[in-house]
Novice: 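I'd like to ask some things about the structure below.
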Amino acid sequence: MAAAASTGHGSTPAWLVVLMAAALVVGWFVNAVRPPPPTPCGTPGGPPVTAPRVRVRDGRHLAYAESGVSRDRARFKVVYSHGFSGSRMDSPRASQEVLEELGVYMVAFDRAGYGESDPDPRRSLESAALDVQDLADALGLGPKFYLICSSLGCHAGWASIKYIPHRLAGVAMMAPVINYRWSALPRGLAGKLYRMQPAGDQWSLRVAYYAPWLLHWWMNQAWLPTSTVIDGSAPFPNALDEKNRVAALSSGMFQKKARLATQQGAQESFYRDMAVMFGRWPEFEPTDLEEPPFPVHLFQGDEDGVVPVQLQRHICRRLGWISYHELPGVGHFLSAVPGLGDRIVSTLLPAPASA
């Protein structure tokens with residue numbers, strides 16, 4: 001009788017129960033993977049605005065910091081694009097003496113969603129280049145300016161060569177990060193080097209490429225393999241890089257920089273950065289670029305634990321117009337190498353004419 005009752009008119013069909021359960025699971029998952037809304041600077045509940053900022057084409061603001069000589073005295077005007085977890089306070093660390101001697105005005109800025117720059121929900125390679133251009137125009141840097149970029153921030157360098165070449169007088173890239181899935185890379189070598197990374201970094205790049213919408217959820221699951229770059233847990237092969245990593249973690253500087261970088265939300269800074277850099281590049285890849293009408297220098301350490309020097313060499317061989325500077329015994333964080341900032345700036349900018 002009980003069995004018969006279960007199939008009576010008052011029972012719920014099994015298929016409907018399954019469908020309802022599936023809908024509940026899907027609804028839970030959709031809510032779980034949805035990133036929290038950003039907390040823009042200067043809005044109720046958001047961090048305060050403490051830095052000077054300029055307004056760009058779509059109404060967003062970019063925060064910036066200036067160094068070197070004043071704009072009105074400068075012979076050269078340089079924009080600096082920081083790397084992953086960086087900020088407007090970063091720079092190549094050229095000495096004030098060299099900046100004064102050459103007459104360099106330098107402006108670094110918080111890239112979209114970092115620090116005190118407004119988030120950009122439509123971030124892309126092209127928007128990174130347009131942000132550089134808008135910053136230069138808002139500050140009156142003139143028809144042409146120089147660009148120095150570092151690490152993951154070099155996607156703005158490649159994009160600027162592609163989208164705003166008419167605005168650039170020269171570009172210097174410091175250990176530009178590589179997307180292992182760029183089609184021009186040798187598949188066997190790229191795959192081998194990819195698999196040599198810690199498992200968490202491999203999985204982070206997979207998610208960024210195949211499911212960037214999942215990054216925020218994935219990175220916040222303690223039971224899943226996540227990025228060692230974000231938590232600073234992986235040792236570096238280069239002695240100076242490793243010394244600085246340990247010092248930054250033990251002093252709390254690593255955590256402080258991360259908090260400042262992500263104060264408007266990790267989704268708007270770290271994860272959008274990863275999605276742009278390690279996602280699909282449908283518009284172009286670096287090896288598609290034609291030779292620009294200005295010098296491009298690329299500096300790469302041969303002990304870089306983040307960017308495989310073998311793949312950087314391959315890209316620079318393909319792009320014969322790049323002046324490639326390989327640095328023996330140097331790791332990834334080039335601005336920490338004593339004197340290297342002076343060399344990079346002096347190499348990019350023409351020396352003053354002798355009297």
Side-chain angles (χ1 to χ4, degrees), residues 33 35 38 40 56-58 60 62-63 79-88 90 108-115 117-135 147-164 171 173-185 190 194 197 201-219 226-227 229-230 258 261-262 264-289 306-307 311 315 332:
V33 302
V56 297
R57 63 200 175 279
D58 55 5
R60 290 179 296 112
L62 297 178
V79 176
Y80 179 79
S81 173
H82 66 77
F84 191 76
S85 79
S87 78
R88 66 186 182 279
D90 295 344
F109 68 105
D110 290 333
R111 292 191 288 105
Y114 273 87
S117 287
D118 291 338
D120 182 1
R122 295 177 295 278
R123 271 182 69 181
S124 66
L125 293 167
E126 185 174 12
S127 74
L130 295 180
D131 280 358
V132 169
Q133 177 175 253
D134 286 355
L135 175 73
L147 176 62
I148 300 178
C149 43
S150 177
S151 189
L152 193 145
C154 288
H155 72 268
W158 295 121
S160 294
I161 295 171
K162 169 70 174 178
Y163 293 112
I164 58 166
V171 175
M173 290 189 269
M174 302 165 59
V177 167
I178 283 171
N179 185 323
Y180 286 88
R181 290 180 171 82
W182 283 336
S183 60
L185 295 177
Y194 177 82
Q197 298 182 101
D201 294 321
Q202 294 182 45
W203 275 103
S204 298
L205 299 192
R206 285 191 190 103
V207 175
Y209 186 81
Y210 291 108
W213 49 270
L214 191 61
L215 269 171
H216 190 280
W217 178 84
W218 185 281
M219 293 296 177
T226 57
S227 171
V229 176
I230 289 178
T262 62
Q264 300 180 89
Q267 170 66 19
E268 303 304 326
S269 46
F270 285 1
Y271 306 145
R272 288 200 191 278
D273 237 8
M274 293 172 66
V276 172
M277 180 66 234
F278 301 116
R280 302 173 191 275
W281 284 48
E283 302 144 19
F284 76 99
E285 293 182 4
T287 50
D288 299 330
L289 295 172
V306 178
V307 181
L311 298 182
I315 290 171
H332 182 69

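Quick caveat, the model's predicted, so the values are computed rather than measured.
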Novice: Look up atom OG in S81 and atom CD1 in I148, then write down how far apart they are to the nearest 0.5 Å.
Specialist: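 Answer for the OG-CD1 pair, S81 versus I148, is 11.0 Å.
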Novice: Please check this pair: side chain of N179 against backbone of G279, looking for a donor-acceptor N/O pair closer than 3.5 Å.
Specialist: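 Present.
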Novice: Does any donor atom in the side chain of E268 or Y114 lie under 3.5 Å from an acceptor atom in the other side chain?
Specialist: no
Novice: How many angstroms lie between atom CZ of R272 and atom CD of Q267, to the nearest 0.5 angstrom?
Specialist: 5.0 Å
Novice: Between atom CG of D58 and atom CG of D120, what is the distance when rounded to the nearest 0.5 Å?
Specialist: 6.0 Å
Novice: Start with the C-alpha distance between I230 and Y271, add both sets of side-chain angles, then the distance that settles side chain to side chain contact (heavy atoms under 4.5 Å, CB included), and finish with yes or no.
Specialist: CA-CA 10 Å; I230 289 178; Y271 306 145; 3.9 Å; yes
Novice: Taking it one step at a time, do L152 and D273 satisfy side chain to side chain contact (heavy atoms under 4.5 Å, CB included)?
Specialist: CA-CA 8 Å; L152 193 145; D273 237 8; 3.3 Å; yes
Novice: Give the minimum heavy-atom separation between R181 and L205, together with the two atoms involved.
Specialist: NH1-O, 3.9 Å
Novice: Do any N or O atoms from the side chain of S117 and from the backbone of D110 form a donor-acceptor pair under 3.5 angstrom?
Specialist: yes
Novice: Decide yes or no on side chain to side chain contact (heavy atoms under 4.5 Å, CB included) for R280 and Y210, but give the supporting numbers first.
Specialist: CA-CA 9 Å; R280 302 173 191 275; Y210 291 108; 3.9 Å; yes
Novice: Per the ring-ring contact (aromatic ring centres under 6.0 Å, His included) rule, which among W281, Y194, Y209 passes with Y180?
Specialist: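 So, applying the ring-ring contact (aromatic ring centres under 6.0 Å, His included) to Y180 and each of W281, Y194, Y209, only Y194 qualifies.
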Novice: Can you name the nearest heavy-atom pair linking L185 to I178, along with the distance?
Specialist: CD1-CG2, 3.8 Å
Novice: What pairs with S204 under side-chain contact (heavy atoms from CB on, under 4.5 Å), at least two apart in sequence or on another chain?
Specialist: M219, S227, M274
Novice: Could you work out, with side-chain hydrogen bond (donor to acceptor under 3.5 Å, both in side chains) as the rule, every residue matching S151, not counting sequence neighbours?
Specialist: H332
Novice: Side-chain contact, heavy-atom cut-off 4.5 Å: F84 with M277?
Specialist: no
Novice: According to side-chain contact (heavy atoms from CB on, under 4.5 Å), who are the partners of V276, at least two apart in sequence or on a separate chain?
Specialist: R123, L125, H155
Novice: Give the minimum heavy-atom separation between A129 and I164, together with the two atoms involved.
Specialist: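 Answer, listing the atom of A129 first, then I164: O-CD1, 3.6 Å.
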Novice: Determine yes or no for a side-chain-to-main-chain donor-acceptor pair under 3.5 angstrom, with Q264 supplying the side chain and G115 the backbone.
Specialist: yes
Novice: Looking at residues at least two apart in the chain, or sitting in another chain, which of them share a side-chain contact (heavy atoms from CB on, under 4.5 Å) with W203?
Specialist: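 So W203 forms a side-chain contact (heavy atoms from CB on, under 4.5 Å) with R206, W218, P225.
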Novice: Which heavy-atom pair separates S160 from A156 by the least distance, and what is that distance?
Specialist: OG-O, 2.7 Å
Novice: Would a 4.5 Å heavy-atom cut-off, applied to side chains only, mark Q133 and L135 as touching?
Specialist: no
Novice: Any side-chain donor-acceptor pair under 3.5 Å between E285 and S183?
Specialist: yes
Novice: If I take atom CZ from residue R88 and atom CZ from residue F109, how far apart are they, to the nearest 0.5 angstrom?
Specialist: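 The CZ atom of F109 is 12.5 Å from CZ of R88, to the nearest 0.5 Å.
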Novice: After noting the C-alpha distance and the side-chain angles of K162 and D288, does the key distance pass the salt bridge (charged side-chain N to carboxylate O under 4.0 Å, His left out) rule?
Specialist: CA-CA 9 Å; K162 169 70 174 178; D288 299 330; over 6 Å; no
Novice: Does some side-chain heavy atom of Y80 sit less than 4.5 Å from a side-chain heavy atom of C149?
Specialist: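 A side-chain contact is absent here, since even the closest heavy-atom pair is not under 4.5 Å.
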Novice: Just jot down the ring-ring contact (aromatic ring centres under 6.0 Å, His included) partners of F278, sequence neighbours excluded, or say none.
Specialist: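 By the ring-ring contact (aromatic ring centres under 6.0 Å, His included) rule, F278 matches no residue at all.
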Novice: Check whether any side-chain N or O of S87 sits under 3.5 Å from a backbone N or O of A261 as a donor-acceptor pair, and report yes or no.
Specialist: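 Judged by distance alone, no pair lies under 3.5 Å.
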Novice: Considering only heavy atoms from C-beta outward, does the side chain of V56 approach that of D118 to under 4.5 Å?
Specialist: no
Novice: Under the 3.5 angstrom rule, does the side chain of H82 hit a backbone N or O of R111 as a donor-acceptor pair?
Specialist: yes
Novice: Residues in side-chain hydrogen bond (donor to acceptor under 3.5 Å, both in side chains) with D134, at least two apart?
Specialist: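 Here the qualifying residues are R57.
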